[in-house]
*Asks:* 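Mind looking over this structure? Questions follow.
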Amino acid sequence: MRCGRSSSGVTGTALCALLLLLAGCQAPAGSAPDTATTPAGSGFGAVFLGAGECSSFGTTRYTEVPCDGERAAARVVARHDGASGTGPPCPPTTDFVLHIGEQTAPARAVREGYACMRNLQPPHPGDPGEGGGPRTTVGDCVYDVGGGQVRETACDGSGTHRPQYEVVRAVAARAKCPASTALYVQLGGAAPVGCARPV
């Protein structure tokens, strides 16, 4: 994502990459993103970790488990084939993304893809203002990391970094942002411009 400062807030326009790319998405606290291929194993559905199915948490691997089981930790809210950087974005309240490598297994083949995950219990870092998730949406806050870049952080100040801007509106073009806008954040979708104000 890119963002730029409003001329009303800072002299000049700077484009910056919002470091919450889908390919570098966040895993839940205490675990690492899934970078290893997860075995097909259980054979729950026709698609490994298909929409509506659940996974356990792991440090390097995630397994498909029954959603009503004690090991269930997150539910798949959307599942897409292919690389995450080229496919559809995850829903706005996605907490983290699992990258799934292609596999051929006796029980079923696993296609390369990615699963958009939502924790079954709080915390939900993908919710607006919570400081995480693979997408930035209205209600999220960011801070300046220098070099023309920003990162998302919790709006209530509970994160490691203090919030500096809050995305208050999503519009089709910069001209539609309110006069109080100090930073433009590229959100994607039908309303790709996020209007952010200082906090």
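Both backbone and side-chain heavy atoms feed into the values below; hydrogens, waters and symmetry mates do not.
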*Asks:* Do the non-hydrogen side-chain atoms of Thr153 and Val142 ever get within less than 4.5 Å of each other?
*Replies:*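 A side-chain contact is absent here, since even the closest heavy-atom pair is not under 4.5 Å.
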*Asks:* Does Thr181 form a side chain to side chain donor-acceptor pair (under 3.5 Å) with Arg169? I'd like the steps, not just the answer.
*Replies:* CA-CA 9 Å; Thr181 300; Arg169 189 176 299 176; over 6 Å; no
*Asks:* Between Arg79 (side chain) and Val47 (backbone), is there a donor-acceptor pair under 3.5 Å?
*Replies:*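 A pair under 3.5 Å: no.
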*Asks:* Go through Ser55 and Leu49 one step at a time and tell me if the side-chain contact (heavy atoms from CB on, under 4.5 Å) criterion holds.
*Replies:* CA-CA 7 Å; Ser55 78; Leu49 285 178; 3.9 Å; yes
*Asks:* Between Met117 and Val77, what is the shortest heavy-atom contact and its length?
*Replies:*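 The pair with the smallest heavy-atom distance is N-CG2, 4.4 Å.
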*Asks:* Rounded to the nearest 0.5 Å, how far does SG of Cys141 lie from CD of Glu152?
*Replies:*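 Answer for the CD-SG pair, Glu152 versus Cys141, is 8.5 Å.
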*Asks:* Under a 4.5 Å cut-off applied to non-hydrogen side-chain atoms, are Arg71 and Thr63 in contact?
*Replies:*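 Side-chain contact under 4.5 Å: yes.
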*Asks:* Any luck finding a side-chain donor-acceptor pair between Asp95 and His124 under 3.5 Å?
*Replies:*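 Yes - a donor-acceptor pair under 3.5 Å links their side chains.
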*Asks:* If the threshold is 4.0 Å, N to carboxylate O, is there a salt bridge linking Asp127 and Arg118?
*Replies:*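 Looking at Asp127 and Arg118, the cut-off is met.
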*Asks:* Looking at Cys90 and Arg135, what are the two nearest heavy atoms and their distance?
*Replies:*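 Heavy-atom minimum between the residues: O-NH1, 2.7 Å.
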*Asks:* Mind checking the SG-CZ spacing from Cys67 to Arg75? Nearest 0.5 Å is all I need.
*Replies:*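 Reported value, rounded in 0.5 Å steps: 4.0 Å.
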*Asks:* Taking the side chain as every heavy atom from C-beta outward, state whether Pro134 and Phe96 have any pair of such atoms under 4.5 Å apart.
*Replies:*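 Result no, sub-4.5 Å side-chain heavy-atom pair not found.
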*Asks:* Would you give the length of the straight line joining atom CG of Asp156 to atom CZ of Arg162, rounded to the nearest 0.5 angstrom?
*Replies:*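 Here the interatomic distance stands at 13.5 Å.
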*Asks:* Under the side-chain contact (heavy atoms from CB on, under 4.5 Å) rule, what do Tyr62 and Ile100 come out as? Steps first, then yes or no, please.
*Replies:* CA-CA 10 Å; Tyr62 293 75; Ile100 300 166; over 6 Å; no
*Asks:* Show the numbers, then the answer: is there a side-chain contact (heavy atoms from CB on, under 4.5 Å) between Glu102 and Arg111?
*Replies:* CA-CA 5 Å; Glu102 185 175 358; Arg111 299 190 305 266; 5.6 Å; no
*Asks:* What are the two closest non-hydrogen atoms of His80 and Pro88, and how far apart are they?
*Replies:*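 Heavy atoms of His80 and Pro88 come nearest at ND1-CG, 3.7 Å.
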*Asks:* In Å and rounded to the nearest 0.5 Å, what is the OH to CD distance from Tyr143 to Gln164?
*Replies:*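 The distance works out to 9.5 Å.
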*Asks:* Which value, rounded to the nearest 0.5 Å, describes the distance between Thr160 atom OG1 and Arg151 atom CZ?
*Replies:*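 Thr160 atom OG1 to Arg151 atom CZ measures 11.0 Å (nearest 0.5 Å).
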*Asks:* Is there a path from Tyr165 to Val138 through hydrophobic residues (I, L, V, M, F, W, Y) whose side chains come within less than 4.5 Å of each other?
*Replies:*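 Same cluster.
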*Asks:* Which one of Pro89, Cys116, Pro125 satisfies the side chain to side chain contact (heavy atoms under 4.5 Å, CB included) criterion with Thr94?
*Replies:*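 So the option named by the test is Cys116.
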*Asks:* How far apart are the closest heavy atoms of Val171 and Cys195, and which atoms are they?
*Replies:*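 Closest pair (atom of Val171, atom of Cys195, distance): CG2-SG, 3.7 Å.
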*Asks:* Which pair of non-hydrogen atoms, one from Thr136 and one from Asp140, has the smallest distance, and what is that distance?
*Replies:*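 Heavy atoms of Thr136 and Asp140 come nearest at CA-OD2, 3.4 Å.
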*Asks:* Nearest 0.5 Å, please: how far is OH in Tyr114 from NE2 in His99?
*Replies:*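 Going from NE2 on His99 over to OH on Tyr114, the span is 9.5 Å.
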*Asks:* For Gly194 and Val167, work out which heavy atoms get closest and say how close.
*Replies:*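 Nearest heavy atoms, Gly194 then Val167: CA-CG1, 3.9 Å.
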